[in-house]
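Naming: A, B, ... by sequence-line order, numbering from 1 per chain.
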2 protein chains.
Amino acid sequence: MLLSPPMRRAKVAAAKKKTAYHHGDLRRALVTAATAAIEEAGEGALTLREVARRVGVTHPAAYRHFEDKTALLAAVAEEGYVVLADAIERALGAASSRPRERLRALAVAYVDFAVRSPAQYAVMWGPRFNTDGRFPSLEAAIRRVYELVAREVERGQAEGDLRPGQTRDLAIGLWVVGHGYVELVARRRIRVKSREKAIEYFLTLFEPWLDGIAVKR
Amino acid sequence: MLLSPPMRRAKVAAAKKKTAYHHGDLRRALVTAATAAIEEAGEGALTLREVARRVGVTHPAAYRHFEDKTALLAAVAEEGYVVLADAIERALGAASSRPRERLRALAVAYVDFAVRSPAQYAVMWGPRFNTDGRFPSLEAAIRRVYELVAREVERGQAEGDLRPGQTRDLAIGLWVVGHGYVELVARRRIRVKSREKAIEYFLTLFEPWLDGIAVKR
DNA sequence: ACCTGAACACCGTTCAAGT
DNA sequence: ACCTGAACACCGTTCAAGT
């Protein structure tokens with residue numbers, strides 16, 4: 001017997017709801033739920049059991065997709081780096097071709113991501129992922145962000161706007177300034193009234209650093 | 001009956017061992033044990049029960065001296081800032097009177113502390129202490145470090161070696177660079193072979209920043 | 001192949017009871 | 001005043017059992 005279109009749709013939806021987690025969706029659902037939970041209550045408050053509750057599954061189910069709690073957090077961190085790299089690429093795509101302006105756009109995209117998703121950003125700098133080689137895809141995601149920074153610095157050097165010499169040192173320096181600023185804001189060592197003000201004040205601190213690595217002419 | 005001096009000493013020591021924690025020493029002992037435990041196993045591995053075990057006391061005893069686990073960590077952090085401020089003062093005492101050199105000495109003392117006590121440094125930047133006004137003595141200890149930085153920047157401006165304008169912006173900028181660098185090292189975004197190399201490479205990154213805030217002449 | 005139910009060792013916190 | 005013993009609710013992890 002044929003079902004009318006509305007009923008068929010309802011059936012499909014019900015079947016989907018019931019079996020969705022049998023098709024590899026649980027992994028995604030757990031990462032998404034964990035990210036949301038962290039952004040709401042902070043990283044310290046995150047429990048595997050709470051994440052499972054949010055997704056509507058018993059907590060040992062998570063172990064089918066993640067070796068342990070650290071692996072779940074690593075997935076949250078990795079997703080963060082992917083989103084960050086995408087945001088930086090978008091910002092660079094919209095920027096002019098003047099190296100100094102491009103570095104500014106890159107740094108603003110970085111700070112903007114961090115102040116929008118402070119808890120996820122904190123996970124991305126968590127102390128758990130130092131064990132070498134445990135999370136290679138996380139390390140690749142980090143490297144992608146670093147390469148974006150290094151490429152822009154290289155471009156600036158090639159055009160003669162930035163100091164010649166070790167590209168890496170300038171790229172690391174840029175990362176230091178960006179991350180250091182974000183941390184001071186996140187830990188309330190600096191009080192800012194809004195995300196806009198956070199970026200505005202960042203540029204105040206960033207300009208002298210740019211001056212320091214620029215070629216005077 | 002009189003006891004011979006060696007026996008009296010033994011008795012006093014035993015009595016001291018047995019009753020020392022009744023004189024307010026338990027607080028100190030807990031902070032010291034917590035700092036050691038963190039430096040050994042990382043902040044995440046720290047439990048109140050383990051700290052109590054190390055000190056040789058049942059774990060609820062800690063609650064006589066700290067409202068909760070966070071308060072104990074706040075004490076560890078506060079002690080860290082005090083030690084750091086002392087180290088900076090010592091470094092400035094031994095430095096020349098040339099502003100730029102003094103800023104270098106200050107920054108080196110900061111980085112040196114952080115790479116010597118990475119876990120304690122991490123606690124000092126823990127996310128738990130943001131609740132306003134909960135740990136006023138911790139906030140005072142942080143402010144003491146900041147004031148040391150600000151005073152040196154002011155001195156450099158007064159002598160015409162650093163850009164005029166908002167002292168605070170330059171002081172915050174310096175803090176950003178120092179903290180950002182320490183974090184990149186601690187989180188293994190930069191690999192350094194030794195503490196000495198860590199400071200050496202820091203100076204490489206620091207010099208351009210100094211150039212950026214220096215007055216050319 | 002994927003999830004549940006039950007169990008284990010451990011944790012932070014509370015509180016009545018001991019000295 | 002300061003510490004202990006016992007209890008509570010909760011956690012991460014494991015594993016046999018269900019579909």
Subject >> A:Y63 side-chain proximity, nearest of C:dC11, D:dG12, C:dT4 >> reply: D:dG12

Original post:
How long is the line joining CG of A:L26 and P of C:dA1, in whole Å?
Top reply: 17 Å

Subject >> Euclidean distance, atom CG of residue B:L30 to atom P of D:dC3 [Å, nearest integer] >> reply: 9 Å

Original post:
What nucleotide among C:dC2, C:dC11, D:dT13 has an atom nearest to a side-chain atom of A:K69?
Top reply: D:dT13

Original post:
Looking for any heavy atom pair under 4.0 Å, which part of the strands does B:T58 touch: base, sugar-phosphate only, or nothing?
Top reply: base

Original post:
Does A:D86 pair with A:R90 as a salt bridge, N-O distance under 4.0 Å?
Top reply: no

Subject >> B:E50/B:R53 salt bridge by N-O under 4.0 Å criterion >> reply: yes

Original post:
NE2 of A:H59 versus C1' of C:dT4: gap in Å, rounded?
Top reply: 10 Å

**OP:** Output, in order, the C-alpha distance, side-chain angles, deciding distance and verdict of side-chain hydrogen bond (donor to acceptor under 3.5 Å, both in side chains) for B:Y121 and B:H179.
**Re:** CA-CA 10 Å; B:Y121 187 83; B:H179 174 63; 2.7 Å; yes

Subject >> B:W175 and B:Y146 aromatic ring geometry - parallel, tilted or perpendicular at 30°/60° bounds >> reply: tilted

Subject >> Distance in angstrom units between A:E67 CD and D:dG12 C1', rounded >> reply: 14 Å

**OP:** When you get a sec, tell me which of D:dT14, C:dC3, D:dG12 is the closest nucleotide to the side chain of A:T47?
**Re:** D:dG12

**OP:** With the side chain of A:R49 defined as its heavy atoms from C-beta on, choose the nearest nucleotide among D:dC2, D:dG12, C:dT14.
**Re:** D:dG12

**OP:** Would you mind telling me which residue lines up with the more 5' stretch of DNA chain D, B:A61 or A:R53, judged by nearest nucleotide?
**Re:** B:A61

Original post:
In the structure shown, which nucleotide is the Watson-Crick or G-U wobble counterpart of D:dA16, with both distances under 3.5 Å?
Top reply: C:dT4

Original post:
How are the rings of A:F206 and A:F202 set to each other: parallel, tilted or perpendicular (split at 30° and 60°)?
Top reply: parallel

Subject >> Proximity to the side chain of A:D68 - top-ranked nucleotide from C:dC3, C:dT13, D:dT13 >> reply: D:dT13

Original post:
With both distances under 3.5 angstrom, what nucleotide forms a Watson-Crick or G-U wobble pair with D:dC10?
Top reply: none

**OP:** Send over the distance from A:H65 NE2 to C:dC3 C1', rounded to a whole Å.
**Re:** 9 Å

Subject >> Rounded distance in Å - CZ (B:R64) to C1' (D:dT4) >> reply: 11 Å

**OP:** Could you check how far CG of A:L48 sits from C1' of D:dC10, rounded to whole Å?
**Re:** 13 Å

**OP:** Using whole Å, report how far CG of B:D25 lies from P of D:dC3.
**Re:** 10 Å

